[in-house]
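We count ligands from 1, going down the list as the structure has it; atoms in each ligand are counted the same way. Everything quoted here is computed from the prediction, not taken from an experiment.
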Amino acid sequence: MKQILAAVSLIVIIISLLVVAFTVRQVDNEDQNLKIDLQHRTTLLAESLKETVEPNFINKSDKYLQQVVERFANKERFAGLAIYDNQDNLVAVTSTLPKEISQSQLVAAHAMDEDKASGDFVKFMDQKMYVFAIPLHDKDSVVGALMVVQNASYIDSRLTEIWRNNLIRLFIQASLLSVATLLILRWIIYVPIISLVETLKAARSGNLSTSAKSYNVPNFLFFSPLVREVTNIRRSLIEARVSASEEARMRLEKLDSPWTAERLKEFVKDTLKGRTIFVVSNREPYIHTKHGGRISYYFPASGMATAIEPIMEACGGMWIAHGSGDADRLVVDLKNKIMVPPDEPKYTLRRVWLTPKEEEGYYYGFANEGIWPLCHIAYTRPIFRKEDWEQYQKVNGKFAKTVLEEIKDFHRPIILVQDYHFALLPRMIKSSRPDATIGFFWHIPWPNAESFSICPWRKELADGVLGSDIIGFHTQLHCNNFIETVGRELESLIDWEQFAITRDRHVTYVKPFPISIAFSNGGEFQNNQGKFDSRQMMRDLDIQVKYVGLGVDRLDYTKGILERLKAIEIFLERYTPYRGQFIFIQLAAPSRSRIKRYQEFAEEVQQEVDRINNKFKTNRWKPILYIPKHHSHEEINKYYKLADLCLVTSLHDGMNLVAKEYIAARDDEKGVLILSQFAGASRELKEALIVNPYDAEQVANSMHVGLQMMKVEQTRRMRKMRESIKSHNIYRWSAELLKTIVNLG
Ligand code: ADQ
């Protein structure tokens, strides 16, 4: 619409300029014509008067001359007449002529001096006058002058009238033209194009009924080729989708074939039989923000969001999360809902609003200063404040209320609660809706029972989680830790064979579900902007090196960024030929930056980067390129493709999706992954170079090994890891989780 308005404005501006230019010219011509006409008429009049006045001028008295001018003034329709002698004295003047004009004898004096007629336009009391004088003679000498004054203000009126008429005409023409242009652009171009786009979109997203419905493009002559082409594309898309869906249906029973979004969709249809999925998490998948009046959105740097989003895209349903963007409230409907992904809506995002006090206590306080360091053995001390705990309980209650509201019309809904922000939620929901099946996924490690026992509210947390029917962790070790914690803290019956806990006659199963990414055939991680050009990217980044190392993390002390930097320092000290030949790029998304420990950590990282750069840098090279900002997944993907080494050195990590994303991005089957033994991913990705991140010497040596690794060896390892992720992707993860949930009853 904006473009249409811009086009119309442009047309109006061009027409206005033309009309103004034309009017200026017309007014100029008219002005000249009217003036020439007046001058002509005045000259004729003055000549004829002169013939009467001249013979009598010398002999007759002033009184006689006065009678003559009055007589003429009555006869002719002009402003006045005046007669002067050759001493510039006024001899006779009509009473109608304003005194100021008759006293200004410049024109008359000029006529006498030059002995020839002279005229000029003057302004008098806002009125235009034409003053014309002709010399009077006695024999050959000039004895006086006759001055005729004409009112010329009608010339200005005429010119104003031309302007007014032309502007009115311009306004009418511009309005008609604007309306016509708007109609033409809207109905002949905009509407058909939108209709074509909608048709393609609907066909692409598999919404065949909409696709058919919206297919009503007016068949204008010049659109015919496009319509024909779109018809073909649409037909092909529908055919491809139908056959993919058929194929997926046929493959349903064969679990060894790869899982795809399509297959998951079929599986959900088949397995859930109409039961709706509700996801609850703190972080929302799309965050809307305002920049200078424009609203945009971004996908957060969150492993949980990265993992859950593809499931929702495949299955639909509702995702309930905290609305944390500064423009979030501006885009939701009256029920705080919005369909997402914004470009291709597939499921509902229901936003929950928190007050600053709630966010401070529940999110920054209890969840991230308490539970996060409690569960990650990374030697940052947890902080437990009573006020934070109160806010945590309050916010869990608020989310429980929202979930209960949303599921009230659904029979046996499936609720997937995400992560450590909502440990109390399963119990709260279950006590009101025992028919709801609740799956809880804990994305971070669960520490051993001894470590967990320092939490003042450990019993409440464990009991809250046990409101679920099934609890998932990334690894068996975390499952065992959780069951041991429950055994130690709560009265319950534990079945170590089934990994089931019975408390108050409710059974909760505890199982490992190693999470993954949306990787099925490699296509997901292809660069949308065409073929990847590593040289161009190096030029863009202004780097000229042979080897590139990469780290991609949220700025979090559990990710082992400082330990990684130390290892890079040792690497450059020990393997000096890499100086000038190797660069390490660290992408770091700012995270939880209101928490003091995170602010300190960000500063420590920056200082460490500066220190190492200063130590080794030369005029043309520095060893570390630190980019502390959020990147889109497309951007990160290019860095993955560029890097010879990817370093994942978490001190403790539930899974770590960066390791999997790096492998998925390497469709060239090159590159080496260095992976912490304390990341859940190390249980699956055995072909990575597994390291202890606290052992900087070992990490440095592994970097050397990785950079020296033969290409065939890189390919062998990469291929195996790619196969592993392909067959254990996020679609399979959700299918297995959902199948387990449904089998519970
Ligand atoms: P996170 O701790 O958030 O997840 P991780 O699994 O590594 O950690 O996922 C991080 C995500 O953020 C990745 O998708 C990555 O691409 C993205 N990211 C990293 N840096 C970024 C940047 N600079 N800009 C934009 N995006 C960036 C938690 C647990 C993990 C677990 C996941 C999923 O801590 O152990 O793997 O949940 O369960």
Counting from 1 in the order shown, the ligand 1 atoms closer than 4.0 Å to a non-hydrogen atom of V658 are 7 (O), 15 (C)
Do H421 and S281 make a side-chain contact, defined as non-hydrogen atoms from C-beta onward lying under 4.5 Å apart? no
Where ligand 1 meets E661 - atom numbers and elements under 4.0 angstrom, heavy-atom basis: 13 (C), 14 (O), 15 (C), 16 (O)
Is it true that W457 and Y392 have ring centroids separated by less than 6.0 Å? no
Starting from atom 38 (O) of ligand 1, locate the nearest protein heavy atom and write down its residue, its atom name and how far away it is, to 0.1 Å. H443 ND1, 2.5 Å
Pick one of side chain, backbone, both or neither for how I636 approaches ligand 1, counting any non-hydrogen atom pair under 4.0 Å. side chain
Using a cut-off of 6.0 Å, state whether more than 12 heavy atoms not belonging to F499 lie near its atom CZ. yes
At under 4.0 Å between heavy atoms, what of W372 touches ligand 1? The answer is side chain
Any idea which atoms of ligand 1 are less than 4.0 Å away from a heavy-atom of T306? 14 (O)
Between F571 and F582, does the ring centre distance come in under 6.0 Å? yes
Residue among T508, D469, T437 satisfying side-chain hydrogen bond (donor to acceptor under 3.5 Å, both in side chains) with K430: D469
In ligand 1, the atoms that come under 4.0 Å of a heavy atom of A301 are 12 (O), 18 (N), 25 (C), 26 (N), 27 (C)
Kindly compute the distance separating NZ (K398) from CE (M428), expressed to the nearest 0.5 Å. 13.0 Å
protein heavy-atom neighbour closest to atom 36 (O) of ligand 1 works out as N656 N, 2.9 Å
Counting non-hydrogen protein atoms only, what is the nearest one to atom 5 (P) of ligand 1? Give residue, atom name and distance. L657 N, 3.7 Å
Less than 6.0 Å separating the ring centroids of F441 and W733? yes
Answer yes or no for A588: is there a heavy-atom contact with ligand 1 below 4.0 Å? yes
Please state which protein non-hydrogen atom is closest to atom 10 (C) of ligand 1 and give its distance, to 0.1 Å? G303 N, 3.7 Å
CG/L477 to CZ/F482 distance, rounded to the nearest 0.5 angstrom? 14.0 Å
Closer than 4.0 Å to some heavy atom of H474 - which atoms of ligand 1 meet that? 31 (C), 38 (O)
Go through ligand 1 atom by atom and flag the ones less than 4.0 Å from a non-hydrogen atom of G654. 35 (O)
